[in-house]
Amino acid sequence: MNDNILDIYRKCHLCGRGCGTDRTSACGFCRESDQIRIACALLHKGEEPPITGKNGSGTIFFTGCTLQCKFCQNHQISRGGIGKEVSVSEFAGICMDLQNAGAENINLVTGTQFIPSIALGIAEAREKGLKIPVLWNSSGYETAEMLDIVNTFTDVYLPDLKTLNHHFAAVFFNASDYPERAKESVIKMAESKPLVFKDDKIISGTIIRHLVIPGYLEMTERVLKWYSENLKDKALLSVMFQYSPKAASPEYDDFPQRILDRSEMDMVYSYLDEYGIEDGFIQEDEITEEWNPDFNKLSPFPGGTGRIVWHWKTGRNS
């Protein structure tokens with residue numbers, strides 16, 4: 001991997017915003033410079049079964065975000081700035097620590113703003129012996145050009161398909177072009193990685209996530225219909241019911257202030273039947289408001305689940 005890839009930061013166009021900021025001297029829309037920042041890395045057991053596996057997914061949570069949804073469960077890091085700067089080599093070392101701790105994969109969460117550095121870091125980790133699959137876990141708001149780079153180091157894609165409603169995207173993401181950008185991205189992802197499983201674990205392919213929002217069931221129906229017509233045989237779908245009003249920005253008082261009710265969940269099941277979607281995942285656990293992590297804690301997730309390998313307060317092997 002050529003170090004010249006870092007020149008991308010000098011006129012940033014890593015995401016659909018194409019803000020053009022010289023991130024070597026200023027922060028872009030994502031609120032980040034050209035230096036990787038991370039909140040924590042852990043063996044996470046809250047992902048879909050073929051990602052979690054037996055030992056947990058080696059999940060790295062990056063600071064900043066190119067979308068900054070107004071209802072983000074990870075708002076402490078996406079728009080709150082929690083995290084610590086690490087070098088490319090330190091990032092590669094964290095990947096190796098996760099593998100050595102037994103991680104099933106390296107799960108890169110919301111890393112779009114750091115694509116050049118991540119590409120270099122994964123290449124360095126591979127040279128050091130990283131063998132487990134790498135997952136790209138994102139909002140789906142990358143440019144096609146940047147996905148070509150991501151594709152060089154990624155085995156499995158885990159993108160969101162949040163909405164196909166332009167007004168919703170404009171109000172809550174400040175990105176009215178999100179529907180077109182996300183459709184283009186998830187199609188490119190699915191076509192580049194065939195679905196491959198080994199010992200019940202995914203080692204190649206794409207799983208598209210969709211969060212169901214209370215009061216916006218028509219938005220979910222539209223996403224499921226589009227998925228059925230375009231990607232049902234190329235990617236898997238993961239439907240999530242974990243929306244939490246505690247994550248919503250306080251300035252949006254009119255945003256849903258409740259979790260999903262049972263009738264709404266039943267309606268989603270009816271949509272899945274209507275559009276013939278049988279393969280994939282759906283969150284069936286009891287829904288509560290306690291899903292939100294707290295990255296100020298050394299064990300960020302509710303119940304203390306997940307072995308921490310690196311934390312922004314303590315560093316590696318905390």
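All values below come from the heavy atoms of this structure, side chains included, with hydrogens, waters and symmetry mates left out.
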Exercise. Under 3.5 Å, side chain of Arg181 to main-chain N/O of Ser176, donor-acceptor pair present?
Worked result: no
For this session: Check whether the side chains of Glu48 and Ser238 place a donor and an acceptor atom closer than 3.5 Å, and report yes or no.
Result: yes
Seminar exercise, completed: Rounding to 0.5 Å, atoms CG (Leu164) and NZ (Lys183) come to a distance of 5.5 Å
Exercise. Is the closest basic N to carboxylate O distance between Arg209 and Glu47 below 4.0 Å?
Worked result: yes
For this session: Given side chain to side chain contact (heavy atoms under 4.5 Å, CB included), test Leu6 with Ile8 step by step and report yes or no.
Result: CA-CA 5 Å; Leu6 297 177; Ile8 292 172; over 6 Å; no
Problem set entry | Derivation and outcome, side chain to side chain contact (heavy atoms under 4.5 Å, CB included), residues Ile36 and Ser117 | CA-CA 7 Å; Ile36 300 175; Ser117 306; 3.5 Å; yes
For this session: Examine Arg23 relative to Tyr9 and say whether NZ or CZ is less than 6.0 Å from the centre of the six-membered ring and inside a 45° cone about the ring axis.
Result: no
Exercise. More than 12 heavy atoms of other residues, nucleotides or ligands under 6.0 Å from CD of Glu278: is that the case?
Worked result: no
Problem set entry | Atom pair OG1 (Thr66) and CE (Met146), whose distance is rounded to the nearest 0.5 Å | 12.5 Å
For this session: Would you mind checking if Lys128 and Asp97 are paired as a salt bridge, meaning a charged N to carboxylate O distance below 4.0 Å?
Result: no
Exercise. With the threshold set at 4.0 Å, does a side-chain nitrogen-carboxylate oxygen contact exist between Lys54 and Glu104?
Worked result: no
Exercise. When you look at NZ of Lys225, are more than 12 heavy atoms from neighbouring residues, nucleotides or ligands closer to it than 6.0 Å?
Worked result: no
Problem set entry | Residue pair Ile51, Ile202: steps toward the side chain to side chain contact (heavy atoms under 4.5 Å, CB included) verdict | CA-CA 6 Å; Ile51 294 173; Ile202 188 168; 3.9 Å; yes
Problem set entry | Asp160 versus Ser139, side-chain donor and acceptor atoms under 3.5 Å | no
Exercise. By ring pair (Phe, Tyr, Trp, His ring centres under 6.0 Å), which residues pair with Tyr271, not counting sequence neighbours?
Worked result: none
For this session: Quick one: list whatever passes side chain to side chain contact (heavy atoms under 4.5 Å, CB included) with Glu184, sequence neighbours left out.
Result: Ala144
For this session: Show your reasoning for whether side-chain hydrogen bond (donor to acceptor under 3.5 Å, both in side chains) applies to His44 and Thr52.
Result: CA-CA 7 Å; His44 189 31; Thr52 299; over 6 Å; no
Exercise. So which of Leu67, Thr112, Leu158 actually passes side chain to side chain contact (heavy atoms under 4.5 Å, CB included) with Ser138?
Worked result: Thr112
For this session: Mind checking salt bridge (charged side-chain N to carboxylate O under 4.0 Å, His left out) for Glu142 and listing every partner two or more places apart, or none if nothing turns up?
Result: none
Exercise. For Thr154, does its backbone N or O pair with a side-chain atom of Lys193 as donor and acceptor, under 3.5 Å?
Worked result: yes
Exercise. Do Lys232 and Asp279 meet the salt-bridge criterion of a basic N to acidic O distance under 4.0 Å?
Worked result: no
Problem set entry | Pair Phe61 + Phe301: ring centers closer than 6.0 Å | yes
Exercise. Has Lys11 got more than 12 heavy atoms of other residues, nucleotides or ligands less than 6.0 Å from its NZ?
Worked result: no
For this session: Decide salt bridge (Lys or Arg N to Asp or Glu O under 4.0 Å) for Lys131 and Asp155; before the verdict, give the C-alpha distance in whole Å, the side-chain angles of both, and the deciding distance to 0.1 Å.
Result: CA-CA 11 Å; Lys131 294 180 172 30; Asp155 301 292; over 6 Å; no
Problem set entry | Asn165 versus Tyr216, side-chain donor and acceptor atoms under 3.5 Å | no
For this session: Verify the neighbour count for atom CE of Met96: are there more than 12 heavy atoms of other residues, nucleotides or ligands below 6.0 Å?
Result: yes
Exercise. Side chain to side chain contact (heavy atoms under 4.5 Å, CB included) with Asp7: which residues, sequence neighbours excluded?
Worked result: Asn4, Arg10
Problem set entry | N/O donor-acceptor pair under 3.5 Å between Ser185 side chain and Ala182 backbone | no
For this session: For Asn296, check side chain to side chain contact (heavy atoms under 4.5 Å, CB included) against everything at least two apart and list the hits.
Result: Gln76, Ile82, Asp294, Trp312, Lys313
For this session: Measure the spacing between CD1 of Ile60 and CG of Leu98 and express it to the nearest 0.5 Å.
Result: 5.5 Å
For this session: Just say parallel, tilted or perpendicular for the rings of Phe114 and Phe62, cut-offs at 30° and 60°.
Result: tilted
Exercise. Using 4.0 Å as the upper bound for N to carboxylate O, is an ion pair formed by Arg258 and Glu264?
Worked result: yes
Problem set entry | Partner residues of Ala169 under the side chain to side chain contact (heavy atoms under 4.5 Å, CB included) criterion, sequence neighbours left out | Thr163, Phe173, Tyr178, Pro179
For this session: Show your working on side chain to side chain contact (heavy atoms under 4.5 Å, CB included) between Glu32 and Cys27 and close with a plain yes or no.
Result: CA-CA 5 Å; Glu32 297 301 312; Cys27 293; 5.5 Å; no
